Each structure stands twice: as C-alpha cells, then as structure tokens.
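Side chains included, hydrogens not; waters and symmetry mates left out as well; all remaining heavy atoms used. It should be emphasised that the depicted structure is a prediction, and the values quoted were computed from it without experimental measurement.
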Amino acid sequence: MPYKIPESVLVVIHTADLQVLLIERADRPGFWQSVTGSLDAVDEPLLDTAAREVAEETGIVASQHRLTDWRHTIEYEIYPQWRHRYAPGVTRNTEHWFGLQLAEPVPVVLAPREHLQSVWLPWEQAAERCFSRSNAEAVRQLAWRAAGRDVVRGVA
C-alpha cells in the first residue's frame, strides 16, 4: 500500500443552529472527530478531497449541501501511532479546514473499518468531545464564523 500524502482536509459537518456531527474512530475507540482524510493524489483539488471524504466516511453527498472552504490551514505533528502510514521521516501534516452545512441532522452511513458510531451534538459539546486539539479548535471556529467574528489563522 502506498504511503499517505501528508496533506489532508478536516470537514466540520454542521447545521445552521450549530449541531455538529462527530464520528468515533474504529482504530481508537473513544477518539471522536470530524471527517478527515488525506489527498489521494498530490494534484487532487482540496474541495474534491473534502467531498470525497465526507461521502466515504458518512454517506453524505456534499454537493447536495453547502460545502465551504474556510481558507484556514494548520500544520501539526502526526500522532506517533499513525506515522507508519507515511513515508519514513514524515512527521508533520498540513490540514485544510472546510465546513459542510446541512439543513438538519441526518443519519449517516459509516465506513465500519474506519468508524464505530456517530453523534450530533451542540457545538460546545462537540468541541469538548474531540480528541484532537486542532479539531476542537475547528469546531469552535464554526461558532465564531456563525457569529460573524474574524478568525485568527495559525499553526497548531
């Protein structure tokens, strides 16, 4: 199997009233997150990556909703337990954030090898449940964006 590309997307799936979808990782029970995934090819457009990952991980068709590029990028250290998926010596990943707004919470179809269960939560509870600090920050940014506040761009 080829190595993962150290560039990925994170998609915060939410409703207008800020209910947020989280999914629990199958390889790490208790680790809750938004949809995430790496580019399949170095030239894959980020919007296509986001839509593909949403479909693969939840069954939701992004084109039927409002997918927004938040134009926010972070770089983070790859967790040691997942570094074997990347080429030797790769320790950092660049992640691009997106939002996908749905009219209301919908049932999802999980990829059973990737995720165990899903839950819709108010944004505050979703941010608290995320295992990743950067994912929690993305959920908090959703609330700031909804309130029309400026978002600080940074590196995690």
Q) With sequence neighbours left out, which residue pairs that include part of residues 27-36 fulfil the salt bridge (charged side-chain N to carboxylate O under 4.0 Å, His left out) condition? A)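 Counting only pairs at least two positions apart or across chains, the salt bridge (charged side-chain N to carboxylate O under 4.0 Å, His left out) contacts touching residues 27-36 are R25-D27, D27-R85.
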Q.
Enumerate the salt bridge (charged side-chain N to carboxylate O under 4.0 Å, His left out) contacts for residues 51-60, please, sequence neighbours excluded, ordered by first and then second residue.
A.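 Salt bridge (charged side-chain N to carboxylate O under 4.0 Å, His left out) check on residues 51-60 returns D40-R52, E44-R52, R52-E56.
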Could I get the full list of side-chain contact (heavy atoms from CB on, under 4.5 Å) partners for [X], not counting sequence neighbours?
X: R83; result: E77, I78, P80, T91
X: L47; result: L67, F98
X: V42; result: I5
X: S8; result: S38, Y76, N93, E95

**Q.** salt bridge (Lys or Arg N to Asp or Glu O under 4.0 Å) against R129, all qualifying residues, sequence neighbours excluded
**A.** none
Q: Would you mind telling me which of T58, T68, V12, I60 makes a side chain to side chain contact (heavy atoms under 4.5 Å, CB included) with L100?
A: I60
Q: Apply the side chain to side chain contact (heavy atoms under 4.5 Å, CB included) test between I13 and each candidate in L142, V54, V108; give the one that qualifies.
A: V54
Contacts table for residues 15-22: side-chain donor-acceptor under 3.5 angstrom, sequence neighbours left out:
| from | atom 1 | to | atom 2 | distance (Å) |
| --- | --- | --- | --- | --- |
| T15 | OG1 | D17 | OD1 | 2.4 |
| T15 | OG1 | Q19 | N | 3.0 |

Q) Which pairs pass side-chain hydrogen bond (donor to acceptor under 3.5 Å, both in side chains) with one or both residues in residues 105-128, sequence neighbours excluded? A)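 Sorted result for residues 105-128: E24-Q117.
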**Q.** Any pair counted as ring-ring contact (aromatic ring centres under 6.0 Å, His included), so long as it reaches residues 14-34, sequence neighbours left out
**A.** F31-F131
